[in-house]
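Note that this is a predicted model, so its numbers are computed, not measured. Below, chain A is the first sequence line, B the second, and so on; all start at residue 1.
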There are 4 protein chains.
Amino acid sequence: MTSARARTGRPRSAEADRAILDATRAALVELGWGKLTMGDVAARAGVAKTTLYRRWAGKNELVVDAVAALFDEHLDLPDLGSLAADIESVVLRFAALLERPETKTALMAVVAESTRDEALRVRIRCAIVDRQKRLVLLGRERAQARGELPLEEDATAAARNADLIFDVIAGAVVHRALVSGQSVDEEWARGFTALLVGGLAGV
Amino acid sequence: MTSARARTGRPRSAEADRAILDATRAALVELGWGKLTMGDVAARAGVAKTTLYRRWAGKNELVVDAVAALFDEHLDLPDLGSLAADIESVVLRFAALLERPETKTALMAVVAESTRDEALRVRIRCAIVDRQKRLVLLGRERAQARGELPLEEDATAAARNADLIFDVIAGAVVHRALVSGQSVDEEWARGFTALLVGGLAGV
Amino acid sequence: MTSARARTGRPRSAEADRAILDATRAALVELGWGKLTMGDVAARAGVAKTTLYRRWAGKNELVVDAVAALFDEHLDLPDLGSLAADIESVVLRFAALLERPETKTALMAVVAESTRDEALRVRIRCAIVDRQKRLVLLGRERAQARGELPLEEDATAAARNADLIFDVIAGAVVHRALVSGQSVDEEWARGFTALLVGGLAGV
Amino acid sequence: MTSARARTGRPRSAEADRAILDATRAALVELGWGKLTMGDVAARAGVAKTTLYRRWAGKNELVVDAVAALFDEHLDLPDLGSLAADIESVVLRFAALLERPETKTALMAVVAESTRDEALRVRIRCAIVDRQKRLVLLGRERAQARGELPLEEDATAAARNADLIFDVIAGAVVHRALVSGQSVDEEWARGFTALLVGGLAGV
DNA sequence: AAGTAATCGAGACGGTACGTCGTGTCTTACA
DNA sequence: TGTAAGACACGACGTACCGTCTCGATTACTT
């Protein structure tokens, strides 16, 4: 049921959609957000610009759609037996995702654009942020089951806490990788985990 | 020794430099990163485009320098008597800086560009990242003087540690404010400080 | 057969062509060759600069085409009954054309440029020189019909002769008007015609 | 008497003047009028732009001065025994002068510029046109002495006639060489001379 | 000698135009 | 109706010259 009016005329080519999104990702890798142009994407996809604009309103929406799929490969969390091991593992997996050229370049660009575009902000939150937050919840549950962390009594505080931990983990990794521009290796992951678990005072 | 060949010819106008950076910040506020153009900045500064390009290679480098000044200006670390108070204070100041329209819109954009541009990456590191690391060093020194933190014996480890702490603090604030898109208020700052100082286990 | 590939895409606007050439002539009158700019012509024609560059490689070629149309329009050769009258008439018409501000200022300028630019030289020859040679051919034909001039037997010599006569007439008028800087009036035209028809010895 | 105020201060370098004019001619040959720039001339001459502008107001005046000297190498007229031989000879000499790249490109450019600049027009007339007119007078005198041409009774008509002949000769050669863009060789010179002496009717 | 005043080189300055590129819309002919 | 091709108006790009200016460093003629 794609709407009542879609019954007449030539139907849109589904192949074109795929070709365009593929071309967008390829262009993103080769050129980065700044040099990516609609005309270039159209040419790569073997498609007229018209076709492109008929489906997406502009560069922003196109790139977000093209990139969103990448984050759908969910980061899973195998139980490694201890809180520290679980954290280290998720940090390294997240870092590996950020190392991929198409995500690296696109993530910050889309975030930058979202500061000016409410709809985009919501889209990012749904497609990327919230989706990964469950990892924090799952890790905490396991640690509590192991007795490494105390049970939370207040549900609101628990949620607030999970948000906080998520921002700390994701933020530290992103900042290290993209702003400081240094690699997130095992050594760094160990140091970070130690700090997160034990705190500044816990040395 | 500002270079051997700079003794001849008319010297560059220091006033122009100032006017350009001011104009850049103003344009950033009014138009945002996306609509900001070199020509517009030049016009606002009452300066020829040539003058602008003689000093900066493009929009990216210009904006980095313009924004870097804000960091220098707005981030300092008054001694509030305890490690926790110092951290809370710097977190809130940093968050306030990120709320300003000229930083909010520009910071992520240049970071995004920097994933494809080594020179830009270096410039960001020098002009912003490395300069603000002083806050971490200063805070740690004070905490050590107060006896809140132990002295570091290994200088390399100490430096690595400072980098880590910087990424955690800056990353968490940026992620909360720009990616998660939620406000960094006093309550969040208190929670974050507690986590950082005491760790997950330190409840 | 206007070319094989011209069947697809939106066809070029014929109206734009007209508007651009008109605007060029107007700008030439108001500003002269030196101050005429492509941007200004585009603006006058209500056309984007791109549209202009899609059709002409630059100022030179544009002006040649704009001026060539004037030659076509203003030079013809009504049959005045005698060779002398025909020559006098074409001399005066040509002089009047050279007096117009759009031709006066532009013609020598493009000729000057053409000394360094083979393509431009060819364009001038096709668009202006060769087209006006028809006047010589027509005049000679009529004079032969009237019995004023003998018939040519050798076709090659006839062509060479027409070229020579054209250079003499056009050259003398241009030199008088633009180099010597004196007016081409009826008296001069009469004197010139007498010289051309009768020769130095023909007194 | 170079004026009252020129007595003190460092005198202008005569060497610079020479270097600049040489550089201008060289640039004219290499680049043509259109691509010649003040900055380039200054660089070739090993001189600062300031020095150049202190002596000439702009490109026009500079080039006219640089080129004027070339026309001073006067075209002489050896007596070859007949009017036709004298004309042929002067035509070929004039053509040779126009073949030189520095004159070819500069002459038309300066003439074009003169359509907008009265002072320049006067300067050209004095430095170039009038100077060569004496060749016509000399040739006519000789032809009259030989009995090839009748004596003129009316002095005014004689002067008018000389002007006319000059425009015809110079104009035809310039038009053939620069506008039609074909070479002025011996064959053309012979044909032209025959036409000039005998007229269209004199075949 | 010391002073004065115009020159010199270098190169930055505010402008203006350049010719190119990307955007998003439009107009064709064809499917 | 969709589509490929490509022209269109718009506006920014980064560069090139223009002619002027500000420097410090030479030259000459004064006193």
Side-chain angles (χ1 to χ4, degrees), chain A residues 5-13 16 34-43 45-59, chain B residues 5-13 15-16 35-43 45-59, chain C residues 5-13 15-16 35-43 45-59, chain D residues 5-13 15-16 35-43 45-59:
Chain A
R5 61 162 257 308
R7 301 290 298 280
T8 181
R10 176 171 172 178
R12 290 190 180 169
S13 156
K35 306 281 180 193
L36 180 147
T37 68
M38 296 299 267
D40 182 65
V41 169
V47 138
K49 270 200 299 172
T50 333
T51 304
L52 216 152
Y53 278 106
R54 206 173 284 118
R55 291 160 158 85
W56 290 276
K59 200 163 132 167
Chain B
R5 59 162 261 307
R7 300 296 302 279
T8 184
R10 178 172 171 176
R12 291 194 180 163
S13 157
E15 198 179 348
K35 307 278 181 193
L36 180 146
T37 69
M38 296 296 268
D40 182 66
V41 169
V47 138
K49 267 200 295 174
T50 332
T51 301
L52 217 152
Y53 279 106
R54 207 175 282 122
R55 293 161 159 81
W56 290 277
K59 196 165 136 167
Chain C
R5 59 163 263 307
R7 299 295 301 279
T8 183
R10 176 173 173 176
R12 292 195 179 163
S13 156
E15 197 178 350
K35 307 279 182 194
L36 179 146
T37 70
M38 296 298 267
D40 182 65
V41 169
V47 138
K49 267 198 296 173
T50 331
T51 300
L52 217 151
Y53 280 107
R54 207 174 283 122
R55 292 160 159 81
W56 290 276
K59 197 166 135 167
Chain D
R5 61 163 256 310
R7 302 292 297 281
T8 180
R10 178 173 172 175
R12 290 189 181 166
S13 155
E15 198 179 348
K35 305 281 181 195
L36 180 146
T37 70
M38 296 297 268
D40 182 64
V41 169
V47 139
K49 270 199 299 173
T50 333
T51 303
L52 217 152
Y53 278 106
R54 209 173 280 121
R55 291 160 159 84
W56 290 277
K59 200 163 131 166

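- Among all heavy-atom pairs drawn from Arg55(B) and Arg12(B), the shortest one is NH2-CB, 3.4 Å.
- Rounded to whole angstrom, the span from the CH2 atom of Trp56(C) across to the C1' atom of dG19(E) amounts to 16 Å.
- The shortest distance between the side-chain N/O atoms of Arg55(D) and the OP1/OP2 oxygens of dC8(E) is below 4.0 Å.
- Mapping Val47(A) and Ala48(C) onto DNA chain F by nearest heavy atom places Val47(A) at the nucleotide closer to the 5' end.
- Atom NZ in Lys35(B) sits about 13 Å away from atom P in dT23(E), given to the nearest Å.
- Taking each heavy atom of Thr51(D) and Val47(D) in turn, the nearest pair found is CB-CG1, 3.6 Å.
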Atom pairs, protein N/O to nucleotides 20-24 of chain F N/O, distance under 3.5 Å:
| unit_1 | atom_1 | unit_2 | atom_2 | d |
| --- | --- | --- | --- | --- |
| dC21(F) | O2 | Arg10(B) | NH1 | 3.1 |

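- Arg54(C) is linked by a salt bridge (Lys or Arg N to Asp or Glu O under 4.0 Å) to nothing, counting only residues two or more places apart in sequence or in another chain.
- One atom, CZ of Arg54(D), and another, C1' of dC18(F), lie 17 Å apart when rounded to the nearest Å.
- Rounded to an integer number of Å, the gap from Lys59(D) NZ to dC17(F) P is 10 Å.
- Contacts between residues 36-43 of chain D and DNA chain F, defined by a heavy-atom separation under 4.0 Å, are made by Thr37(D), Met38(D), Gly39(D).
- Distance, Leu52(C) CG to dA7(F) C1': 14 Å, rounded to whole Å.
- The terminal axes of the helix from dA1(E)-dT31(F) to dA31(E)-dT1(F), fitted over 5 pairs per end, subtend an angle of 10° to the nearest 10°.
- Note on Gly46(D): only backbone sugar-phosphate atoms sit closer than 4.0 angstrom, heavy atoms only; bases stay farther off.
- Remark: Arg10(B) pairs with no residue by the side chain to side chain donor-acceptor pair (under 3.5 Å) rule, at least two apart or across chains.
- Shortest non-hydrogen contact noted between Ser13(B) and Ala16(B) is OG-N, 2.9 Å.
- Ala42(D) pairs by the side chain to side chain contact (heavy atoms under 4.5 Å, CB included) definition with Lys49(D), Leu52(D), not counting sequence neighbours.
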